[in-house]
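Lettering of chains follows the sequences in order, A, B, ..., and the numbering in each one begins at 1.
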Amino acid sequence: MVVRTRFAPSPTGFLHIGGARTALFNWLYAKNRKGQFILRIEDTDYSRSNEESVNAILDGMQYLGLTWDEGPFFQSERLTIYRQYSERLVDQGKAYRCFCTKEELDAERARLLKEGQKPMYNRRCLHAPPGGREEHVLRFQCPDEGETVVEDLVKGTVRFKNQELDDLVIVRSDGMPTYNFTVVVDDALMGITHVIRGDDHLNNTPRQIQIYHALGFVPPLFGHVPMILGSDRARLSKRHGALSVTAYREAGYLPEAMTNYLVRLGWSFGDQEIFSVDELVEKFSTDNIGKSSGTFNPEKLLWVNHQHIINSPPERIARAALPFFQRIGADPSKHPRYEYAVITLQERSKTLAELAESGLFYFTEEIEMEEEGRKKFLKADMGPPLAYLAEILEDLDPFEEVGVAGCFEKVMKRFLMKLGKIAQPARVALTGKRVSPGIYEVIWVLGKDVSVGRLRRAVDLIRLDSENL
RNA sequence: GGUCCCAUCGUCUAGUCUGGCCUAGGACAUCGGCCUCUCACGCCGAAAACGGGGGUUCGAAUCCCCCUGGGAUCACCA
């Protein structure tokens with residue numbers, strides 16, 4: 001059997017963390033089983049849907065690399081199909097017109113609630129519809145005996161008594177079909193074999209199964225994955241940090257790190273924490289999806305991103321980091337040793353934004369000098385050693401990292417200094433900061449001219465300072 | 001409130017199905033230390049959990065029941 005899964009968001013906002021994870025699970029399952037993944041936009045709620053959201057969702061999926069094999073399909077373009085099926089249900093006596101007004105329904109609901117009963121539709125229009133009214137909805141007539149069983153891929157067997165379910169609206173008074181109806185028609189018609197979605201849908205599943213049966217369709221397999229909660233155990237919201245996946249792209253998170261973290265939140269493979277996308281595809285299964293809800297932990301996501309930055313080939317990181325450099329006014333793309341610079345930055349950068357920030361000194365003409373670093377390390381006695389370092393670096397040929405180390409040896413020997421004593425001032429002179437990659441590699445990446453120039457500028461600075469005293 | 005789901009370190013989790021190998025393992029974060037030209041990486045170590053109560057059993061984190069707690073859902077939203 002060819003597996004077909006889908007992601008069916010409603011376009012009422014951007015692609016958020018929870019939706020992305022649902023999409024990811026479906027995508028992984030399809031890929032793992034060599035099946036197809038379908039994208040469908042559920043935009044039957046006209047008043048809440050908008051095109052901007054559609055684009056935002058597509059954008060988020062592209063960032064994560066969740067490619068779809070079919071679609072996107074839009075429910076708003078399939079209205080005649082739904083009409084066909086809803087009319088069939090009416091003809092077969094499985095759905096009926098309901099003329100109750102919203103006010104009547106609300107009042108009835110309030111009355112039942114007040115009397116401590118459950119608010120279910122009383123089927124007035126099934127038995128004795130009020131005459132003289134035009135406006136109506138269509139209700140699906142639920143069986144009121146027996147039970148509907150969901151054999152869930154993650155939750156196991158879940159039973160619902162049919163008498164707990166009331167007759168739900170499948171077509172609104174304006175003729176628009178509702179979610180529980182369209183989702184069934186589409187999943188059936190699109191040949192979806194596995195529906196993996198948030199467990200907030202578990203309660204809808206028995207009614208959907210009934211609609212499948214009423215329509216003569218075979219229900220797919222369902223897998224209801226636990227939701228992601230925020231740090232306060234409440235449903236994830238803006239308060240818990242960025243929600244949109246593209247916000248993480250802007251912040252410098254690698255898509256493979258996002259997918260790694262997201263899938264690992266609720267799914268596990270022994271003790272393994274770091275997975276490539278290919279590994280995920282290979283190892284993913286609904287068997288080891290956890291049953292309990294998880295809490296979104298931005299700090300672990302940051303660590304996962306860090307791991308992926310460290311483990312990626314430098315050329316990949318170099319390419320991914322380029323926009324982040326450009327954003328802060330540098331263009332390292334033409335720099336002969338850009339990739340080598342990236343290597344020196346990888347293990348100390350948790351995000352691409354951070355990487356660009358801390359590597360900016362490699363690619364700017366003028367470096368900004370940290371006041372504290374200058375005060376602490378560029379003192380009068382450092383003038384001669386730095387001047388000497390500049391001098392021997394200038395004579396170094398070939399200009400290679402080992403040779404650079406040798407130059408430091410010479411300075412240490414001549415001035416009887418430990419490496420720490422000379423390295424820190426050199427670091428400030430060359431990078432403007434007290435924190436940087438290893439000093440030899442910094443010098444090598446910077447090249448002879450820039451290194452010597454910056455060292456001499458620092459020497460001048462020191463002289464100026466001492467003259468002013 | 002009804003219905004449904006869930007319950008192992010602060011967090012993500014392994015172990016639960018197929019009881020004994022669990023004095024409960026890993027990871028993030030935290031705290032100590034090592035390495036060291038700074039920062040990081042890396043390494044070593046510490047602290048940290050089976051929600052409670054009953055059963056079943058020679059033996060329960062694991063099976064059963066109750067309680068408690070958390071979550072979801074009860075729309076002419078999806």
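In summary, the aromatic rings of A:F408 and A:Y440 are positioned with their centroids under 6.0 Å apart.
A:P226 comes within 4.0 angstrom of no nucleic acid atom, judged by non-hydrogen atoms across all strands. Nucleic acid contact class of A:L265 (heavy atoms, under 4.0 Å, all strands): sugar-phosphate only. Among the heavy atoms of the strands lying under 4.0 Å from A:S268 are primed sugar atoms or P, OP1, OP2 only; no base atom is included. Nucleic acid contact for A:G420: sugar-phosphate only, since backbone atoms but no base atoms lie under 4.0 Å from a heavy atom of the residue. A:G198 comes within 4.0 angstrom of no nucleic acid atom, judged by non-hydrogen atoms across all strands. Nucleic acid contact class of A:D174 (heavy atoms, under 4.0 Å, all strands): none. Here A:S349 lies out of heavy-atom contact (under 4.0 Å) with every strand. In this structure, A:S436 reaches the bases: a heavy-atom distance under 4.0 Å links it to at least one base atom across the strands shown. Heavy atoms of A:L419 sit under 4.0 angstrom from at least one base atom. Within the nucleic acid shown, A:F160 comes within 4.0 Å of sugar-phosphate atoms alone, with no base atom in reach, counting heavy atoms only. Nucleic acid contact for A:V137: base, since at least one base atom lies under 4.0 Å from a heavy atom of the residue.
One atom, CD1 of A:I228, and another, C1' of B:G71, lie 14 Å apart when rounded to the nearest Å. Rounded to whole Å, the distance from NE2 on A:H201 to C1' on B:C77 is 11 Å. Rounded to whole Å, the distance from CG on A:N311 to P on B:C41 is 13 Å. Atom CD in A:E299 sits roughly 7 Å away from atom P in B:A29 (whole-Å rounding). If you take CG of A:N260 and C1' of B:C28, they are 13 Å apart, rounded to a whole angstrom. A straight line from CG of A:L302 to C1' of B:U11 spans 15 Å, rounded to a whole angstrom. When the C1' atom of B:C28 is taken as reference, atom CZ of A:F296 falls 13 Å away, rounded to whole Å. A straight line from CG of A:D152 to C1' of B:U73 spans 15 Å, rounded to a whole angstrom.
Between A:G156 and A:M227, the residue anchored nearer the 5' end of RNA chain B, judged by the nucleotide with its closest heavy atom, is A:G156.
OP1 or OP2 of B:C37 has not a single side-chain nitrogen or oxygen of A:R434 nearer than 4.0 Å. Listed pair A:K300 / B:U11 fails the phosphate criterion, with no side-chain N or O lying under 4.0 Å from OP1 or OP2. Phosphate proximity of B:A78 to A:R172: present, with a side-chain N or O under 4.0 Å from OP1 or OP2. When the side-chain nitrogen and oxygen atoms of A:T178 are compared with OP1 and OP2 of B:A75, none of them lie within a distance under 4.0 Å.
How far OG of A:S268 is from CD1 of A:I289: 10.0 Å, rounded to the nearest 0.5 Å. We find the CZ-CG distance between A:F14 and A:L243 to be 5.5 Å, quoted to the nearest 0.5 Å. Separating the NE2 atom in A:H306 from the CZ atom in A:R348 is a distance of 9.5 Å, to the nearest 0.5 Å.
Straight-line distance between the C1' atoms of B:A49 and B:U23: roughly 15 Å, to the nearest whole Å. Nucleotides B:C35 and B:G42 place their C1' atoms 8 Å apart, quoted to the nearest Å. Rounded to whole Å, the separation between the P atoms of B:G52 and B:C9 comes to 10 Å. Taking atom P in both B:A47 and B:G10, the straight-line distance is 15 Å, to the nearest Å. Taking atom P in both B:U11 and B:A7, the straight-line distance is 14 Å, to the nearest Å. Rounded to whole Å, the separation between the C1' atoms of B:C4 and B:G54 comes to 26 Å. For the C1' atoms, the distance linking B:G19 with B:G59 amounts to 8 Å, nearest Å. Using atom P as the reference point in both B:G45 and B:A61, the two lie 27 Å apart (nearest Å).
Closest to the A:R264 side chain, of the nucleotides B:A78, B:U13, B:A40, is B:U13. Among the nucleotides B:A78, B:C12, B:A75, the one closest to the side chain of A:T44 is B:A78. Checking B:C74, B:U3, B:C12 against every side-chain atom of A:P119, the shortest atom distance belongs to B:C74.
Of all nucleotides present, none satisfies the Watson-Crick or G-U wobble test against B:C50 with each distance under 3.5 Å. Base pairing annotation: B:A7 forms a Watson-Crick or G-U wobble pair with B:U68, both donor-acceptor distances under 3.5 Å. Pairing partner, B:C43: B:G33, with both Watson-Crick or wobble hydrogen-bond distances short of 3.5 Å. Under the Watson-Crick or G-U wobble criterion, with both distances below 3.5 Å, B:C63 is paired with B:G55.
With A:Y261 as the fixed residue, the ring-ring contact (aromatic ring centres under 6.0 Å, His included) test singles out one of A:F275, A:W267, A:F296, A:W303: A:F296. Each of A:E145, A:Q210, A:E147 was checked for a side-chain hydrogen bond (donor to acceptor under 3.5 Å, both in side chains) with A:N162, and the lone residue meeting it is A:Q210.
Contact annotation: side chain of A:N204 to base of B:A78, donor-acceptor pair present below 3.5 Å. Taking only distance into account, the side chain of A:R348 never meets the base of B:C41 through a donor-acceptor pair shorter than 3.5 Å. Between the side chain of A:T295 and the base of B:C12 there is no donor-acceptor pair of N/O atoms closer than 3.5 Å.
A:E368 CD: 12 or fewer foreign heavy atoms inside a 6.0 Å radius.
Ring geometry for A:Y253 versus A:Y248: interplanar angle over 60°, hence perpendicular rather than tilted (30 to 60°).
At a cut-off of 3.5 Å, with distance as the only test, a side-chain donor of A:Q272 or A:K283 sits close to an acceptor on the other residue.
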